[in-house]
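The next block holds one structure in the form of structure tokens; read it before the comments.
A note on names: the letters A, B, ... follow the listed sequences, proteins ahead of strands, and every chain is numbered from 1. Predicted model, so just to flag it, every value in this text is computed and none were measured.
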Amino acid sequence: MIKRDRIYQTIFAYVFILPAFILLGIFLFYPTIYSLILSLFNYNIISPPTFVGLKNFQKVFSDRDFWEALGRSITYLLVVPPIQFVSILMAILVNRELRGISFFRLSYYIPVVTSTVAVAVVWKWIYDGDYGLLNAILSLLGLIGEGKIFPSRPLWLSDPSLVLPSVMFVTFWKGLGFYMMIYLASLKNIPVELEESALIDGANRWQVLFKITIPMLRPTILFCSVISSMSALRVFDEVYVMAGSQKAATTASIYIYNTTFGGGFSFGYAASMGLILALVSMLFVFINIKVFRKGGIEQY
Amino acid sequence: MLFFKSFYKLLKVLIIYLLLIFVCIFMIGPFLWMLSTALKTSGNVYTWPPQLIPKPPSLQNFIEIWKLVPLSRWTLNSAYVAILGTFLNIIVNTLAAYPLARLNFPGKNLIMILLVTFYMLPHTANFIVNYLTLKSLHLTNTLNGVFITGIANIFGIFMIRQAYLAIPKELEESARLDGASEFTIWRKIMLPLVLPSIATLGIFTFVGYWNEFFWPLIVINKYEKYTLALGLKYLDSQFVANTRYVMAGGVFSIIPIIIIFLFAQRYYITGLTSGAIK
């Protein structure tokens with residue numbers, strides 16, 4: 001009787017799991033493994049794949065454009081610390097009971113739920129060199145003109161030295177609300193007494209922020225920096241829409257896209273670059289863990 | 001003394017409100033600017049300095065893009081992908097999460113290890129292989145191809161599993177003593193209790209599908225099969241000189257998701273925070 005129940009329960013369990021496992025098998029397990037294999041082949045969809053061994057990787061190592069693109073993806077990681085810092089400040093700002101506070105929290109979250117394409121097209125318009133809102137504000141503030149910070153109207157999205165930072169700013173802006181919500185939840189777990197007693201002992205607000213609040217948030221900062229670094233290294237949508245195919249903004253994902261669906265159709269080669277990008281992102285996850293592992297409430 | 005103290009308090013609240021309003025303008029200002037541009041007529045877009053509020057506002061741009069591009073078709077495509085994708089996602093992941101949370105069966109640990117491992121591995125090259133798979137399944141250039149790869153989702157399984165785990169054991173045991181079948185226990189006791197988590201997962205998935213850009217860009221290359229995100233990118237590259245059209249398209253694509261977000265924000269935000277904090 002009991003044995004029959006157990007067999008029945010096992011069958012029941014597998015029937016429930018099966019649909020998810022078939023789909024995960026096809027669209028996650030198989031591609032993760034097969035992309036390793038594919039990186040050893042030349043494949044352009046039209047003719048059958050031919051085995052080339054490690055040739056693709058040799059080609060990657062001598063491909064200057066790829067390394068430059070990867071360098072830009074790594075530069076893109078510079079958005080991570082400001083996003084974390086500013087979203088922590090925003091979380092502290094909205095972590096109080098005031099009339100209308102939930103309206104403010106919600107409004108800060110709007111950029112997160114809108115599509116990156118919509119966000120990218122409006123920022124493209126704001127950044128417009130001649131009629132953009134940004135340059136209008138800068139010139140009203142008297143920052144554009146002979147002998148000023150900007151001698152002429154900056155071309156935010158077509159000047160090679162400005163395009164990547166401009167797009168990075170949009171990524172920063174779009175991410176703030178998301179991380180703010182996570183930090184807000186985490187702030188609610190910090191005992192109020194800790195901050196209060198520090199204030200009574202004569203610490204000022206900034207000391208409390210850097211000596212108590214941020215160390216207490218460390219586990220959350222770890223979580224947020226990991227996901228934020230992973231998405232920064234793989235950034236595609238906003239760069240693709242705002243910067244197009246400009247070389248100065250070609251990140252690794254854009255480069256991989258260009259070698260495949262963007263017209264190159266070198267699938268094996270792209271798979272080997274994808275693996276290198278994967279290794280780099282694992283490396284940065286590891287660095288994040290090293291930096292932020294300590295801290296949190298256990299420390300006190 | 002008391003006067004100064006309450007004055008100081010008032011000043012503090014005032015400063016906080018000013019900060020809140022400043023950040024608010026920073027976060028929704030770009031969308032208001034998008035709306036403002038979308039409501040302008042040809043004359044007042046390229047003025048210096050830019051006009052903040054259109055005089056007079058006009059819906060002309062919306063009418064014109066409605067005629068120029070198949071906006072209703074694209075909206076239906078996005079809705080199809082998001083609704084069907086979300087529906088299947090919820091079913092598949094809610095089912096799979098249950099045995100992993102509440103039942104004992106051989107192979108369970110192995111399955112958990114497999115899921116955790118593949119959840120952590122980066123998937124940067126997967127899109128290439130997935131495209132080849134879709135091609136052999138004749139799903140490229142179909143809307144089904146857009147959502148099928150995202151239906152089974154390890155994050156979703158873990159999220160619903162967490163909710164099943166929180167249900168007290170006594171509920172299940174008393175039902176078992178009453179002779180309820182496995183299926184009845186799941187259907188009548190477990191499922192109703194995880195509905196809030198299912199709602200959270202549903203909202204997350206819906207927003208994700210609605211906004212997705214990269215994967216549809218790869219799967220779809222027929223104009224009439226575009227989702228709104230692809231359509232907006234198309235508008236952006238077709239009407240380089242006509243910003244008003246692009247902004248009208250942007251407003252049009254944002255409105256549905258903002259409405260859904262405002263209705264469902266309670267679930268959305270609890271889900272976001274419970275995922276991060278153990």
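Between B/Phe118 and A/Phe29, the ring-plane angle classifies as tilted under the 30° and 60° cut-offs. The aromatic rings of A/Phe261 and B/Tyr131 sit perpendicular to each other, their planes meeting at more than 60°, with 30° as the lower class boundary. By the 30° and 60° cut-offs, the orientation of the rings of B/Phe213 relative to A/Tyr240 is tilted.
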**Q.** side chain to side chain contact (heavy atoms under 4.5 Å, CB included) assessment of A/Leu176 paired with B/Met27
**A.** CA-CA 9 Å; A/Leu176 289 174; B/Met27 299 315 272; 3.9 Å; yes

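For chain A, no part of B/Leu230 is nearby; none of its heavy atoms comes within less than 4.5 Å. If you measure heavy-atom distances from A/Tyr183 to chain B, you find no contacts under 4.5 Å at all.
Residues A/Ser115 and B/Trp210 have side chains not in contact (no heavy-atom distance under 4.5 Å, counting atoms from C-beta outward). B/Val129 has its side chain out of reach of A/Phe267: every pair of non-hydrogen atoms, C-beta onward, lies at least 4.5 Å apart. Using a 4.5 Å heavy-atom cutoff, the side chains of A/Leu23 and B/Thr149 are not in contact. B/Leu20 has its side chain within reach of A/Val94: a pair of non-hydrogen atoms, C-beta onward, lies under 4.5 Å apart. With a 4.5 Å cut-off on side-chain heavy atoms, A/Arg99 and B/Tyr17 count as touching.
With no hydrogens or angles considered, no side-chain donor-acceptor pair links B/Asn211 and A/Thr114 at under 3.5 Å. Remark: the B/Thr37 side chain and the A/Trp125 side chain contain an N/O donor-acceptor pair separated by less than 3.5 Å.
A side-chain contact (heavy atoms from CB on, under 4.5 Å) with A/Tyr30 holds for exactly one of B/Thr133, B/Asn130, B/Asn126; it is B/Thr133.
Between A/Tyr109 and B/Phe261, the distance from one ring center to the other falls under 6.0 angstrom.
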